[in-house]
Protein chains: 2
Amino acid sequence: MAEPTAGTDRSLTRNQGEVLSALKGADKPLTAYDILGLPKIRKAGLKAPLTIYRALDKLMDQGLVHRIESLNAFVHCDHGPHDHATGFLICSDCGRTLEVHLDDCEDHLAGRAREQGFAVDAVKVEMTGRCPDCAARQAAQAATS
Amino acid sequence: MAEPTAGTDRSLTRNQGEVLSALKGADKPLTAYDILGLPKIRKAGLKAPLTIYRALDKLMDQGLVHRIESLNAFVHCDHGPHDHATGFLICSDCGRTLEVHLDDCEDHLAGRAREQGFAVDAVKVEMTGRCPDCAARQAAQAATS
DNA sequence: GCGGATAATGTTATTATATAACGTTTAAGG
DNA sequence: CCTTAAACGTTATATAATAACATTATCCGC
């Protein structure tokens, strides 16, 4: 029983496929417990937090999923596996995120670290603010008040 | 009773002073529960998690303490209040951190966000790796094995 | 196919991190 | 004083993540 039924990616187990599929279907990051609470996930037989966390760990190993530290949540990576650092724009209003690539800035950041004698393994950037939609809505509300 | 006995900073309440003092005395980030478990803190009468979290919130408002998202831990900011983004180098071996300033890189990062129509409030950068000491120790061990 | 190693899973319990709700006390200013 | 807003105390609870151990599936060489 190695057929992933939920995802299209080969070499994923059923649990991993289900979790990845759940993240793909969401429009914003989900916590492990958000995922656990999804009807589709329950119907698929996943019912323990650990089951979700294990699947997420493997998906992150493969670069298919990223963890948003400041939200304790996880998002599908829609850019395919990549080895350069990623940053996330996190809307504090609607909770959606936008992934940005930091190919050039990564060198700058890591260079700063190396000046201090630090050997960098991973770079994480998270920016909080308002997404275009929410910024526009707030501007409109401010105008009418 | 507004005298901060633990810290030297004015305008801090006693609880805030105790918590800040605890962080100043540590050589690495502490979680709220780490702080709660310190004898000095217990002796000062702080005994509930919420007490610690409330003090931490205020200290962060004032820029005296930073939160390390990927550790769920808090560090004293030894640069004084500053408004430009900070980054942290986090040693995955010894757990110590090093704060770095990102005054120039911040513009680059935030600019990337603005290209997408995103209004940035805060930028957080966390880099994981090995600090100079731990990198040197590992190199020495590799040489003798 | 068989057998053994390795990875993945199931299950239960527990630990770690953070906040809600509510009443009381304290500090600052008129 | 007296009011008001901030800080605090207390208890309970919510949220996030992992430990420990038994079981099952998958891969690979034979």
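Scope of the values below: all heavy atoms of this structure, side chains included, with no hydrogens, waters or symmetry mates. Labels below follow one simple rule: chain letters A, B, ... track the order of the sequence lines, proteins then strands, and each chain is numbered from 1.
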Min side-chain heavy-atom separation A:Asp133-A:Asp93 under 4.5 Å
no
Are the side chains of B:Asp121 and A:Arg130 in contact, using a 4.5 Å heavy-atom criterion?
yes
Of A:Leu50 and B:Phe74, the one whose closest nucleotide on DNA chain C sits nearer the 5' end is A:Leu50
Any side-chain N or O of A:Thr31 below 4.0 angstrom from OP1/OP2 of D:dA16?
yes
Without decimals, in angstroms, what is the distance between B:Lys47 NZ and D:dA12 P?
14 Å
Please state how far atom CZ in A:Arg54 lies from atom C1' in C:dG10, giving the value in whole angstrom units.
7 Å
Quick one: the side chain of A:Tyr33 and the base of D:dA17, do they pair up donor-acceptor inside 3.5 Å?
yes
Nearest-Å distance for atom pair NZ/C1', residues A:Lys58 and C:dA7
7 Å
In whole angstroms, the gap separating C1' of D:dA6 from CD of B:Gln62 amounts to 13 Å
Rounded distance (Å) that lies between atom P of D:dT24 and atom CZ of A:Arg14:
17 Å
Among the candidates D:dA17, D:dT10, C:dA18, find the nucleotide nearest to the side-chain atoms of A:Arg67.
D:dA17
A:Lys24/A:Asp78 salt bridge by N-O under 4.0 Å criterion:
no
Please report the distance, rounded to the nearest Å, between OH in B:Tyr53 and P in C:dA21.
18 Å
Using modelled atom types and a 3.5 Å cut-off, is there a donor and acceptor pairing between side-chain atoms of B:Asp57 and backbone atoms of B:Arg54?
no
Between B:Pro49 and A:Asp57, which has a closest nucleotide on DNA chain D that is more 5'?
B:Pro49
Can you tell me how far P of C:dT26 sits from CG of B:Asn15, to the nearest Å?
12 Å
What contact category does B:Ala32 fall into here, base, sugar-phosphate, or nothing, at under 4.0 angstrom with non-hydrogen atoms?
nothing
Taking for each residue the nucleotide of DNA chain D bearing the nearest heavy atom, is the 5' side occupied by B:Gln16 or by B:Asn72?
B:Gln16
Is the shortest heavy-atom distance from the side chain of A:Cys131 to the side chain of A:Arg96 under 4.5 Å?
no
Taken to the nearest whole Å, CG/B:Leu36 to P/D:dT10 is 13 Å
Of the nucleotides C:dT9, D:dT10, D:dC8, which has the atom closest to the A:Thr13 side chain?
C:dT9
